[in-house]
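Shown next, in structure tokens, is the structure this report addresses.
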Amino acid sequence: MKIGILTSGGDCPGLNAVIRGSVLKGVISHEAEFVGFRWGWRGVVERDIMPITRHDVRGLSKQGGTILGSSRTNPFEGEQGGPENIRRMLDEEGIDAIIAIGGEGTLTAARRLVDEGGIPVIGVPKTIDNDLAATDYSFGFDTAVEIATEAIDRLRTTAESHNRAIVLEVMGRHVGWIALHSGMAGGAHAILIPEQPMGIEEICEYVESVRDRGRAPLIVVAEGFKLDTMEEAHSHLGLDAFNRPRLGGIAEKLAPMIEERTGIESRHTVLGHIQRGGAPSAYDRVLATRLGMAAADAALDQAWGSMVTLRGTDIARVSIADATGGLNVVPQSRYDEARILFG
């Protein structure tokens, strides 16, 4: 069997570990052959293909980024896109299956290709946001939380040196898992997430409570957070390839509002793509490797339209439709648990 691998959407730590796990399991256990599509779905529609051998993945699990490159290309757009063209390309190249490693946008496209064109695709969940349903955790999330927690630790010392309020913005388009976990780990005085709109008055109450205790307030906010007066998440950066707003800037909006209402000098910091970069944590290396190995097995079993997933500590398979049919949101109970620590 000849299997093509792609990494699509935003990069994250652990992508290379998935590639390594898939290739090693496929070559050792099934004598499969592997190629990579460069730049995500763009490589599929433009036939930009490279061979991947066992030698090519040596020592790859600790390396950040992706050796295949990534993009937010929509495989249904352009003259070379669409199921019919992709099927023709696979037949001509002798490729029997695609392992698509990606998040919501990538796997939604994969589901459409399976449903509308019968394209043989296996999904691997990738998102630092941890927002995909049907999996307990996605690789890349643990590393992003570690990076955000370290940032909180560093910001706390400079905030206390100047008695300032700091608003730290982390990633989280639709869900607030990174903000929740890093905020709890770093001892943030308020955690603002997309699932829980809040008024500026309540935020300032937390800030003033911290100041009254002689501390420097530190707030963690997910990029998709909305004040209760906002209809949409803050965005001023246009649209991505899937016509979704590029989020970012809510911390810059909140900091002056806090300073105006409380009189506390306030600053903001946006971590942005720092959360995606660098080497994956040990946890993410192990999870990504296991998911990659399971994806190779699923391809050999011709389990098209399925996604490998983490259930507790076990790797299982679910339908890609189950993974993209909803979001893995922060439940009310988890937020209520964290809220006790605010202020």
Side-chain angles (χ1 to χ4, degrees), residues 2-12 15 18-19 35-50 52 65-129 131-134 138 140 171 173-174 223-224 232-233 235-248 273 276 295 299 304-307 319-327:
K2 187 175 182 180
I3 302 172
I5 302 177
L6 65 87
T7 55
S8 183
D11 68 302
C12 81
L15 287 169
V18 178
I19 297 169
V35 295
F37 295 104
R38 293 186 178 94
W39 313 113
W41 289 117
R42 186 195 307 171
V44 174
V45 299
E46 296 183 358
R47 204 177 295 213
D48 189 353
I49 303 171
M50 60 179 280
I52 308 177
T66 165
I67 61 169
L68 297 177
S70 187
S71 71
R72 298 190 184 277
T73 300
N74 187 334
F76 286 85
E77 295 182 351
E79 295 181 358
Q80 297 171 288
E84 291 184 6
N85 290 328
I86 291 174
R87 168 62 73 181
R88 185 181 307 112
M89 179 276 297
L90 294 177
D91 291 342
E92 292 174 357
E93 295 291 338
I95 297 173
D96 302 295
I98 296 175
I99 293 177
I101 311 168
E104 178 192 7
T106 300
L107 295 181
T108 297
R111 183 185 67 184
R112 285 187 61 193
L113 289 172
V114 174
D115 293 344
E116 299 177 18
I119 305 299
V121 183
I122 302 295
V124 180
K126 176 265 345 164
T127 164
I128 65 169
D129 289 352
D131 61 356
L132 278 174
S138 300
M171 286 187 172
R173 168 179 289 272
H174 300 298
E223 62 185 354
E232 303 289 341
S235 172
H236 61 278
L237 302 173
L239 304 176
D240 65 18
F242 293 96
N243 292 318
R244 299 176 304 185
R246 291 190 176 96
L247 302 185
H273 288 81
R276 295 192 182 278
W304 314 135
S306 68
M307 183 190 82
S319 166
I320 293 178
D322 291 340
T324 57
L327 290 169

Looking at every heavy atom in both [X] and [Y], which two are closest together, and how far apart are they?
X	Y	result
I95	I3	CG2-C, 4.4 Å
A133	D322	CB-O, 3.8 Å
G325	R111	N-NH1, 4.4 Å
G140	C12	CA-SG, 4.1 Å
A299	W304	O-CH2, 3.4 Å
A134	M307	O-CE, 4.3 Å

R38: which of D48, T66, I67, T7 passes side chain to side chain contact (heavy atoms under 4.5 Å, CB included)
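Result: among D48, T66, I67, T7, D48 is the only option passing the side chain to side chain contact (heavy atoms under 4.5 Å, CB included) with R38.
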Between atom [atom1] of [X] and atom [atom2] of [Y], what is the distance when rounded to the nearest 0.5 Å?
X	Y	atom1	atom2	answer
L90	K2	CG	NZ	10.0 Å
L132	L107	CG	CG	6.0 Å
I86	Q80	CD1	CD	10.5 Å
T108	I320	OG1	CD1	9.5 Å
T127	H174	OG1	NE2	10.0 Å
L247	E232	CG	CD	10.0 Å

Applying salt bridge (Lys or Arg N to Asp or Glu O under 4.0 Å) to E104 and R173, what does each step give before you reach the verdict?
CA-CA 11 Å; E104 178 192 7; R173 168 179 289 272; over 6 Å; no
Determine yes or no for a side-chain-to-main-chain donor-acceptor pair under 3.5 angstrom, with [X] supplying the side chain and [Y] the backbone.
X	Y	value
K126	A100	no
R47	E93	no
S70	D11	no
N85	E79	yes

Non-hydrogen side-chain atoms of [X] and [Y] separated by less than 4.5 Å:
X	Y	value
L15	L68	no
E116	F76	yes
I5	F37	no

In terms of heavy-atom contacts, does CD of E92 have more than 12 from other residues, nucleotides or ligands at under 6.0 Å?
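Counting neighbours around CD of E92, more than 12 heavy atoms of other residues, nucleotides or ligands fall under 6.0 Å, so yes.
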Has E84 got more than 12 heavy atoms of other residues, nucleotides or ligands less than 6.0 Å from its CD?
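Incorrect, the count does not exceed 12.
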For V44 and T73, what are the C-alpha separation, side-chain angles and deciding distance, and is it a side-chain contact (heavy atoms from CB on, under 4.5 Å)?
CA-CA 10 Å; V44 174; T73 300; over 6 Å; no
